[in-house]
Amino acid sequence: MKTAWVLCGGGSRGAYEIGVWQALSAAGLAPDIVTGTSIGALNGALIVQQDYAAALDLWANLRIEDVMQDGFDLELSAIMENKQKIAPFLKKYINTKGADNTPLKEMIARLVDEEKLRRSPIDFGLVTVRYPSLQAVELTKAQIPEGRIKDYLIATASCFPAFPVYEFDGQQYIDGGYQDNLPIALALRMGADRVIAVNLHYQSPIHPTLEKLPQVAVISPSRELGSFLSFDPELLKRNRELGLLDAKKFLGQLIGERFVFSPLNASLRALAERMLRELTLFQCQLDDSDHPFIDTLWPQNVLLDRVLKIKGDTAETVLMRMMENGAEFMKKDPQMLLDPQAFLIELAGYFNAGSPALETERSLYQSLLQQTTKQSLLTLIGKADRITLCRSLCDQMLHQQTALLQQLHWLAPMMPQEVLVSWFAAFLVREFRLDPICQEA
């Protein structure tokens with residue numbers, strides 16, 4: 001069985017791929033084949049050379065000046081901060097028909113050892129594009145002529161028109177991303193039986209059909225990675241760490257979609273089953289209730305729709321999504337490792353807070369009940385603090401469950417996340433036998 005790692009192009013977002021490499025290597029996984037486009041091809045060459053230390057040093061210290069002469073981040077905020085660099089940059093940009101990428105060429109010359117890459121037992125392939133025909137060129141290391149590997153690596157990273165067209169041997173080339181930014185097909189043609197593809201685009205599959213193949217698995221960023229020409233040191237560090245965390249989720253060492261949790265233990269898996277059962281019953285009760293202000297058909301199962309994404313979702317997955325909803329309200333750092341048990345207790349206490357503001361929270365709930373139209377209710381919800389809303393609802397769920405159902409029937413479709421988080425906090429207060437805040441209204 002041959003395993004291929006397929007690396008996406010994406011400029012400075014390539015830092016993410018180094019974090020993925022770190023996690024896969026630590027788990028004892030190694031590729032038989034590596035394919036890549038643009039920065040993915042350069043990272044791939046370092047993987048084939050097994051030069052992890054060099055790759056880590058590169059991405060820990062990489063700056064825009066290492067990629068283009070007189071360069072700066074092309075994000076608007078960075079442009080405004082570097083006004084003095086605009087004139088010389090544009091002059092060279094016009095003269096060279098693109099940014100002067102001499103530093104990128106020098107970096108590739110320094111990092112890539114053609115002899116070492118060819119001796120490696122790991123096969124290698126890349127994609128570039130002929131210009132102006134825009135014909136894809138897919139080459140394995142055996143097909144690349146001697147002495148030309150560095151040239152093809154420059155060619156696949158020549159992101160025209162940001163960078164100039166690259167010419168050698170009488171042929172012009174531009175970035176391989178114009179034809180295939182994630183060369184899964186190339187890896188399969190090279191004999192891969194299993195593919196681990198690393199996408200650098202948040203929530204945007206590059207090959208929706210190929211990525212559904214049973215032999216293809218995809219690691220994608222759980223957050224936006226920023227501009228492809230943003231070389232801010234903190235952003236590169238964050239993206240490298242995000243790649244490490246997302247790859248550990250892929251391996252089952254961590255869980256989470258938008259946040260990061262340690263795996264659930266046996267007692268929390270049992271809690272997940274109870275939670276899903278009770279949430280389903282709660283939803284059924286809501287759908288059976290009524291309210292005199294309802295003048296349209298409300299959607300059913302609105303709460304379950306928020307946490308059940310695909311057929312086959314497990315109770316543990318639903319519990320994880322409920323935890324992530326709470327973590328979002330609590331403004332937790334998406335890259336902080338959270339212990340599930342400790343976090344659940346913290347969440348319950350956070351929304352069942354015994355603060356002096358409880359009277360204000362109950363007053364807000366009474367204001368919700370006094371609205372007689374959908375529009376007035378939406379206006380009030382839009383102006384209210386979301387945490388106060390959740391604490392107000394959690395308080396009611398702990399003390400007036402029966403009377404609350406009719407009221408929530410018309411509140412839930414307009415504030416489903418708040419109702420979900422409030423219900424979850426109340427559920428946890430009961431599960432962990434925490435003392436609910438009992439205070440006269």
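No experiment lies behind these values; they were computed from the predicted model shown.
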Looking at every non-hydrogen atom in both residues, tell me the closest pair between [X] and [Y] and how far apart they are.
{"X": "Leu393", "Y": "Ser422", "result": "CB-OG, 3.4 Å"}
{"X": "Val195", "Y": "Ala187", "result": "CG2-CB, 4.4 Å"}
{"X": "Leu62", "Y": "Leu236", "result": "O-CD1, 3.6 Å"}

Any heavy-atom pair between the side chains of [Y] and [X] that's under 4.5 Å?
{"X": "Leu264", "Y": "Leu319", "result": "yes"}
{"X": "Leu398", "Y": "Arg430", "result": "yes"}
{"X": "Trp5", "Y": "Leu24", "result": "yes"}
{"X": "Leu344", "Y": "Phe432", "result": "yes"}
{"X": "Val112", "Y": "Ile149", "result": "yes"}
{"X": "Leu182", "Y": "Glu211", "result": "yes"}
{"X": "Tyr131", "Y": "Gln171", "result": "no"}

Sorted by first residue and then second, give each salt bridge (charged side-chain N to carboxylate O under 4.0 Å, His left out) pair with at least one member in [range]; sequence neighbours left out.
{"range": "residues 26-37", "value": "none"}
{"range": "residues 153-168", "value": "none"}
{"range": "residues 302-320", "value": "Asp313-Arg321"}

Charged N-O contact under 4.0 Å between [X] and [Y]:
{"X": "Glu328", "Y": "Arg258", "value": "yes"}
{"X": "Arg223", "Y": "Glu257", "value": "no"}
{"X": "Glu115", "Y": "Arg119", "value": "yes"}
{"X": "Arg238", "Y": "Glu234", "value": "no"}
{"X": "Glu146", "Y": "Arg118", "value": "yes"}

Please step through salt bridge (Lys or Arg N to Asp or Glu O under 4.0 Å) for the pair Glu241 and Lys237, ending with a clear verdict. CA-CA 6 Å; Glu241 292 173 350; Lys237 181 174 182 289; 2.7 Å; yes

Please check if any side-chain donor atom of Gln417 sits under 3.5 Å from a side-chain acceptor atom of Arg386, or the reverse.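 No pair is found: no donor N or O on one side chain lies under 3.5 Å from an acceptor on the other.
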
Using a distance-only test with no angle check, is there a side-chain donor-acceptor pair under 3.5 angstrom linking Asp175 and Ser38?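 Present: a donor and an acceptor within the cut-off.
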
Which is it for Arg277 and Thr280 under the side-chain contact (heavy atoms from CB on, under 4.5 Å) test, yes or no, and what are the steps along the way? CA-CA 5 Å; Arg277 183 170 58 250; Thr280 304; 5.9 Å; no

Could you walk me through whether Ser222 and Asp246 pass side-chain hydrogen bond (donor to acceptor under 3.5 Å, both in side chains), step by step? CA-CA 7 Å; Ser222 54; Asp246 286 345; 2.9 Å; yes

Side-chain donor/acceptor of [X] to backbone N/O of [Y], under 3.5 Å:
{"X": "Ser12", "Y": "Phe228", "value": "yes"}
{"X": "Lys248", "Y": "Val20", "value": "no"}
{"X": "Thr156", "Y": "Thr37", "value": "no"}
{"X": "Gln179", "Y": "Leu134", "value": "yes"}

Pair Glu418-Arg391, salt bridge (Lys or Arg N to Asp or Glu O under 4.0 Å): steps then yes or no: CA-CA 9 Å; Glu418 287 81 357; Arg391 287 174 175 168; over 6 Å; no

Within a 6.0 Å radius of atom NZ on Lys2, are there more than 12 heavy atoms belonging to other residues, nucleotides or ligands?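 No, because the 6.0 Å sphere around NZ of Lys2 holds 12 heavy atoms or fewer from other groups.
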
Does atom NZ of Lys150 have more than 12 heavy-atom neighbours, drawn from other residues, nucleotides or ligands, at distances under 6.0 Å?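 Yes - once you tally the heavy atoms of other residues, nucleotides and ligands closer than 6.0 Å, there are more than 12.
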
Assess the residue pair Leu420 and Val307 against the criterion (side-chain contact (heavy atoms from CB on, under 4.5 Å)); give the C-alpha distance rounded to whole Å, side-chain angles, the decisive distance to 0.1 Å, and a yes or no. CA-CA 9 Å; Leu420 263 178; Val307 290; 4.1 Å; yes

Apply the ring-ring contact (aromatic ring centres under 6.0 Å, His included) test between Tyr173 and each candidate in Tyr166, Phe163, Tyr152; give the one that qualifies.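 Testing Tyr173 for a ring-ring contact (aromatic ring centres under 6.0 Å, His included) against Tyr166, Phe163, Tyr152 leaves exactly one candidate, Tyr152.
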
For the pair Asn43 and Trp21, evaluate side-chain hydrogen bond (donor to acceptor under 3.5 Å, both in side chains) and give the outcome as yes or no after the intermediate values. CA-CA 10 Å; Asn43 282 338; Trp21 181 9; over 6 Å; no

Rounded to the nearest 0.5 Å, what separates atom CG in Asn352 from atom SG in Cys390?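 Taking CG in Asn352 and SG in Cys390, the distance rounds to 12.5 Å.
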
What distance separates Ile381 CD1 from Lys383 NZ, expressed to the nearest 0.5 Å?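 Going from the CD1 atom of Ile381 to the NZ atom of Lys383 covers 12.5 Å.
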
Phe282-Phe427 aromatic ring centre distance below 6.0 Å: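 No - the distance between ring centres of Phe282 and Phe427 does not fall below the 6.0 Å cut-off.
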
Is there a side-chain hydrogen bond (donor to acceptor under 3.5 Å, both in side chains) between Asp100 and Thr102? Walk through the geometry before answering. CA-CA 6 Å; Asp100 184 348; Thr102 300; 2.6 Å; yes

